[in-house]
Enquirer: 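One structure follows; several queries about it will come next.
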Amino acid sequence: VCGNCPKFYWNLLSIASRQSGKTHSICQLIRHYETHKIVNKEGDVFPIRTILISPTTQANQIYHSLNSLDFSKDVYEDYSDEILLDIIADIKQTKQEIDDFRLYIKAYKLYLKTPEEKLGKLFEEEPELIQLLEKNDYAHWTEIEQPKYQNYPVNILLLDDLLGTGSFSTKHKSALTNAIIKNRHLGINFAILSQSLKSIPKNIRLNSSVFFLGKFQNKNMILNDLYEEVSNALSMEQFDELYTYATDKPYGALILDLTNGKRFLSNFDTELLLNNLGSESEDEKENNKKGKGGEWHEQQAD
């Protein structure tokens, strides 16, 4: 409900060297979602379910700060396509349990309001209703087994430090790549944390909508590969200026949020804006297109 954080559903790509704040940043974002309501236009509130796949889980104690991460069920120290497909199947099963529970409520209410002399005809026309009611001995819906979630959870799947695990296969039918392309259909937000941009297949990068870019010695690799994502919003010189400005402070990172227009942030709490954007003269506009004449300033983001 804050209106400033990335909108669901997203794929997030976090690229930064070790000890640069990747894990802290993604946990900061998830805690933000945990402490603010996630609602749809009808006002329904949705819970969060975080799932973690990482061989370095024990070294990152900050993950224990996430209320939405169940360490007894949703933490995996190894990646395989089979594990990923099992997670996707479990998410689908969770959704099915909610759908079945809602269907039972609908059937029970219909049963209550139907006159006794018309029940026979109702069950003839909709035999699945009587099967559903008989399965639960016609018990009130508050007396049958409840699903874990009353509303579909917003699923966030963290993939942290998976280089060398085979997860980023470039083969045509990669399970991970296919899942990321279909993330909205699956109801999953993928967050990939890595030290190397080149190790991430192009299809995954093209289907990402949030980028966390930490400081690298070779910044041209980052800028050149991702510039096409924001080329209609600013020049390469301005992109360079943004990245340099945002990463010039300790643990600083440039964040590109493409889920609701195009937003540029220094970490997740400060939005970056061009001082004279919208009020410059024609000469200044031309200079800004060339990366000249404008300075970035900060604006606090909620």
Enquirer: Looking at N40, I want to see if its CG is surrounded by more than 12 non-hydrogen atoms of other residues, nucleotides or ligands under 6.0 Å.
Expert: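 Yes.
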Enquirer: Taking only distance into account, with no hydrogens and no angle test, what donor-acceptor pairs under 3.5 Å do side-chain atoms of residues 21-31 form with protein atoms, sequence neighbours excluded?
Expert:
from: K22; atom 1: NZ; to: A16; atom 2: O; distance (Å): 3.2
from: K22; atom 1: NZ; to: S17; atom 2: O; distance (Å): 3.4
from: R31; atom 1: NH1; to: S65; atom 2: OG; distance (Å): 2.8

Enquirer: Are there more than 12 heavy atoms of other residues, nucleotides or ligands under 6.0 Å from atom NZ of K7?
Expert: yes
Enquirer: Rounded to the nearest 0.5 Å, how far does OG of S54 lie from CG of D161?
Expert: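 Those atoms lie 6.0 Å apart.
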Enquirer: Do L52 and Y76 come close enough that some side-chain heavy atom pair is under 4.5 Å?
Expert: no
Enquirer: Does some side-chain heavy atom of V39 sit less than 4.5 Å from a side-chain heavy atom of F46?
Expert: no
Enquirer: So F211 and L254, do their side chains get closer than 4.5 Å, heavy atoms only?
Expert: no
Enquirer: In this structure, which one of T50, L158, I51 forms a side chain to side chain contact (heavy atoms under 4.5 Å, CB included) with L69?
Expert: T50
Enquirer: Without placing hydrogens or testing angles, list every side-chain donor-acceptor pair under 3.5 Å for residues 129-148, not counting sequence neighbours.
Expert:
from: N136; atom 1: ND2; to: L132; atom 2: O; distance (Å): 3.3
from: H140; atom 1: ND1; to: T142; atom 2: N; distance (Å): 3.1
from: H140; atom 1: ND1; to: T142; atom 2: OG1; distance (Å): 2.9
from: Q146; atom 1: NE2; to: W141; atom 2: O; distance (Å): 2.7
from: Q146; atom 1: NE2; to: I144; atom 2: O; distance (Å): 2.8

Enquirer: Rounded to the nearest 0.5 Å, what separation is found between the CD1 atom of I15 and the CZ atom of F212?
Expert: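 Those atoms lie 10.5 Å apart.
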Enquirer: Does Y63 reach the side chain of L66, with side-chain heavy atoms less than 4.5 Å apart?
Expert: yes
Enquirer: If only atom types and distance count, is the side chain of T35 paired as donor or acceptor with the main-chain N or O of H32 below 3.5 Å?
Expert: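 Yes; at least one donor-acceptor contact below 3.5 Å.
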Enquirer: Please table the atom pairs, donor to acceptor, closer than 3.5 Å between any side-chain atom in residues 179-191 and protein atoms at least two apart or in another chain.
Expert:
from: N183; atom 1: ND2; to: W10; atom 2: O; distance (Å): 3.4
from: N183; atom 1: ND2; to: N11; atom 2: OD1; distance (Å): 3.3
from: N183; atom 1: ND2; to: I188; atom 2: O; distance (Å): 3.2
from: R184; atom 1: NH2; to: Y9; atom 2: O; distance (Å): 3.4
from: N189; atom 1: OD1; to: W10; atom 2: N; distance (Å): 2.8
from: N189; atom 1: ND2; to: N155; atom 2: O; distance (Å): 3.1

Enquirer: So, taking the atom named CD in Q93 and the one named CD1 in I98, what distance separates them when rounded to the nearest 0.5 Å?
Expert: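 Answer rounded to 0.5 Å: 10.5 Å.
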Enquirer: Supply the atom-to-atom distance D74 CG to I91 CD1, rounded to the nearest 0.5 angstrom.
Expert: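 So the CG of D74 and the CD1 of I91 are separated by 8.5 Å.
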Enquirer: Kindly write out the residues that satisfy ring-ring contact (aromatic ring centres under 6.0 Å, His included) with F71, not counting sequence neighbours, or none if the list is empty.
Expert: H64
Enquirer: So, E34 side chain and S68 main chain: donor-acceptor pair closer than 3.5 Å or not?
Expert: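 Pair found, side chain donor or acceptor close to backbone of S68.
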Enquirer: Hey, what do you get for CD1 (I53) to OG (S80), rounding to the nearest 0.5 Å?
Expert: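 Between atom CD1 of I53 and atom OG of S80 there are 8.0 Å.
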Enquirer: Can you find a heavy atom in the side chain of Y33 that is under 4.5 Å from one in the side chain of P6?
Expert: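 Side-chain contact under 4.5 Å: yes.
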Enquirer: Return yes if some donor-acceptor pair links the side-chain N/O of Y149 with the main-chain N/O of I48 below 3.5 Å, else return no.
Expert: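 Judged by distance alone, no pair lies under 3.5 Å.
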Enquirer: For R263, is there any backbone N or O sitting under 3.5 Å from a side-chain donor or acceptor partner on D257?
Expert: no
Enquirer: Hey, what do you get for CG (D81) to CG (D86), rounding to the nearest 0.5 Å?
Expert: 11.0 Å
Enquirer: Among pairs that include at least one residue of residues 207-216, which meet salt bridge (Lys or Arg N to Asp or Glu O under 4.0 Å), considering only residues two or more places apart or in two chains?
Expert: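 Passing the test, one end in residues 207-216: no pairs.
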Enquirer: Applying salt bridge (Lys or Arg N to Asp or Glu O under 4.0 Å) as the test, list every pair that has at least one member in residues 111-129; sequence neighbours left out.
Expert: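 Checked against salt bridge (Lys or Arg N to Asp or Glu O under 4.0 Å) - neighbours excluded - no pair reaches residues 111-129.
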Enquirer: May I ask you to test the K73-D70 pair for a side-chain heavy-atom distance under 4.5 Å?
Expert: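 Yes, close enough: below the 4.5 Å cut-off.
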Enquirer: Looking at side-chain heavy atoms only, is the closest gap between K95 and D90 below 4.5 Å?
Expert: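 Contact flag for K95/D90 side chains = no.
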Enquirer: So which heavy atom on N151 is nearest to which on V45, and how close?
Expert: ND2-O, 2.9 Å
